[in-house]
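Heavy atoms only: backbone and side chains are in, while hydrogens, waters and symmetry mates are out.
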Amino acid sequence: MSGTRRSPQQDRSRETVDRILVAAEHEIGERGVAGASTTRIAARAGLSVGALYRFFEDKAAIVDALANRYLEAVAPAYTEVVSGIASVADLNDALGELLRRAAALQEEHPGYYRLTEELSPDRGDSPAHAVREHLVDLFTDALRGTGVEQSPGELRRVVELCIETVRHTLAHRPPGHDDREPSLREVELMLRAYLDARLQ
C-alpha cells in the first residue's frame with residue numbers, strides 16, 4: 001500500500017504543474033499561442049522562467065499539456081451524457097446538455113479553445129487533433145449504437161461537422177460576448193434540425 005502513496009515533493013510538483021497550466025490557459029486565451037510567452041506564463045504562475053523550464057522544456061510542451069488537460073476534462077463530461085443516448089429521439093435532450101457542458105468547459109479552458117483557432121484540430125500536427133479524434137469516435141459510436149443506417153464514413157462526417165460548428169461558435173462567441181447565449185441557442189436549433197434530417 002505504501003508504494004502508491006505520494007510524497008510531499010510529488011504533491012508540490014503536481015501543484016506547480018497545475019499552476020503553470022492554469023496560467024498558460026489564461027495567457028494563451030488572451031494572447032494566442034503565437035503571442036504568449038513562457039516568461040509571462042511563469043510570471044502568472046508565480047515562478048521564475050528557470051523554474052518553469054524544470055517542468056516544461058518549451059512553449060510547445062505547455063501547449064501539448066493544455067490539450068491533454070482538456071481531454072482529461074472533456075472525456076468524462078461528454079461520456080456521461082452520450083451514455084444515455086439509446087435512440088435518435090434521445091438526441092434532443094442530449095444536444096442541449098452537451099452544448100451547456102461545452103460552454104462551461106470553454107470557460108475553464110480558454111487557452112485550449114484559442115489554440116484550436118491557430119492550430120486547427122483537423123491537422124494531424126495540431127495538439128488538439130487527439131482531442132478531436134476522441135470526440136468524433138465517442139459521438140460516432142454513440143450514434144451508431146442507436147441503430148442509424150448511415151455508413152461509418154458518412155456518420156463520421158456528420159459528427160465532424162457538428163463538432164466543428166460548436167467549436168467555431170464558441171471560439172467566436174467567447175465568455176462575455178454579448179451574443180454568446182443567443183448564438184448557442186441558434187446552434188442547438190440548427191444541429192437538431194440537421195441531425196433529424198441526416199439520421200432518419
With heavy-atom distances below 4.5 Å as the criterion, would you say the side chains of Met190 and Thr165 are in contact? yes
Using modelled atom types and a 3.5 Å cut-off, is there a donor and acceptor pairing between side-chain atoms of Arg44 and backbone atoms of Glu25? no
Distance, nearest 0.5 Å, that separates CG of Leu21 from NE2 of His26: 11.5 Å
So, using salt bridge (charged side-chain N to carboxylate O under 4.0 Å, His left out) as the criterion, who are the partners of Arg198 when residues are at least two apart? Glu154
If the condition is side-chain contact (heavy atoms from CB on, under 4.5 Å), which residues does Thr39 pass it with, not counting sequence neighbours? Ser37, Val49
With the side chain counted from C-beta on, respond yes when Leu47 and Phe55 share a heavy-atom pair under 4.5 Å apart, and no when they do not. no
Search all heavy atoms of Tyr112 against all heavy atoms of Ala128 and return the closest pair with its distance. OH-CB, 3.4 Å
Tell me, do Val88 and Leu195 make a side-chain contact under 4.5 Å, heavy atoms counted? no
Under-4.0 Å salt bridge between Arg173 and Glu181: no
Suppose we screen for ring-ring contact (aromatic ring centres under 6.0 Å, His included). Which residues come up paired with His168, at least two apart in sequence or across chains? His172
May I ask you to say whether Glu160 pairs ionically with Arg157, meaning some side-chain N is under 4.0 Å from a carboxylate O? no
Can you confirm whether Gln150 sits close enough to Val158 that some side-chain heavy atom of one is under 4.5 Å from a side-chain heavy atom of the other? no
Are any non-hydrogen side-chain atoms of His129 and Pro121 less than 4.5 angstrom apart? no
Would you mind reporting whether Tyr194 and Cys162 have side-chain heavy atoms less than 4.5 Å apart? yes
In the single-linkage hydrophobic clustering (I, L, V, M, F, W, Y; side-chain heavy atoms under 4.5 Å), do Tyr70 and Val22 co-cluster? no
Carefully, step by step, assess Glu15 and Arg19 under the rule salt bridge (charged side-chain N to carboxylate O under 4.0 Å, His left out). CA-CA 6 Å; Glu15 289 168 7; Arg19 278 172 36 215; over 6 Å; no
Would you say Thr140 and Arg156 are linked by a side-chain donor-acceptor pair, where the criterion is simply a distance under 3.5 Å? no
Donor-acceptor pair, side chain of Ser126 and main chain of Arg123, under 3.5 angstrom: no
Got a second to check how far Arg167's CZ is from Thr116's OG1, nearest 0.5 Å? 4.0 Å
Nearest 0.5 Å, what's the CD-CG distance between Glu186 and Asp179? 9.0 Å
How far apart are the closest heavy atoms of Val81 and Glu97, and which atoms are they? CG2-CG, 3.7 Å
Nearest heavy-atom approach of Ala65 to Phe56 is CB-CE2, 3.6 Å
Student check: side-chain heavy atoms of Val159 and Leu135 closer than 4.5 Å: no
Using modelled atom types and a 3.5 Å cut-off, is there a donor and acceptor pairing between side-chain atoms of Asp90 and backbone atoms of Ser87? yes
Can you list the residues that meet the side-chain contact (heavy atoms from CB on, under 4.5 Å) rule with Ala60, with sequence neighbours excluded? Asp58
Without swapping roles, check the side chain of Arg180 against the backbone of Ala103 for a donor-acceptor pair under 3.5 Å. yes
Would Leu191 and Leu189 show up in the same hydrophobic cluster when neighbours are defined by side-chain heavy atoms closer than 4.5 Å? no
Taking side chain as C-beta onward, heavy atoms only, is Asp196 less than 4.5 Å from Asn92? no
Charged N-O contact under 4.0 Å between Arg31 and Glu27: yes
Has Asp125 got more than 12 heavy atoms of other residues, nucleotides or ligands less than 6.0 Å from its CG? yes
To the nearest 0.5 Å, atom OG1 of Thr146 lies from atom CG of Asp141 at 11.5 Å
Please report the shortest heavy-atom distance between Ala67 and Val131, naming the atom on each side. O-CG2, 3.6 Å
Take Leu155 and Leu199 through the side-chain contact (heavy atoms from CB on, under 4.5 Å) test and state the conclusion after the steps. CA-CA 9 Å; Leu155 190 56; Leu199 301 180; 3.7 Å; yes
State, to 0.1 Å, how close Ala23 and Ala45 come at their nearest heavy-atom pair, and which atoms those are. CB-N, 3.7 Å
So the salt bridge (charged side-chain N to carboxylate O under 4.0 Å, His left out) pairs with at least one residue in residues 71-84 (sequence neighbours excluded) are Glu80-Arg101
Not counting sequence neighbours, which residues clear side-chain contact (heavy atoms from CB on, under 4.5 Å) with Thr79? List them please. Leu138
What distance do Leu95 atom CG and Arg100 atom CZ have between them, rounded to the nearest 0.5 Å? 10.0 Å
Glu118 side-chain N/O to Val33 backbone N/O, donor-acceptor pair under 3.5 Å: yes
When rounded to the nearest 0.5 Å, the distance separating CZ of Arg14 from OG1 of Thr16 is 9.5 Å
Are Gln106 and Arg114 close enough, and set up right, to give a side chain to side chain donor-acceptor pair (under 3.5 Å), and what steps lead you there? CA-CA 10 Å; Gln106 183 193 25; Arg114 183 70 182 265; over 6 Å; no
For a quick test of reading the model, state the closest non-hydrogen atom pair linking Ala34 to Lys59 and the distance between them. O-NZ, 3.6 Å
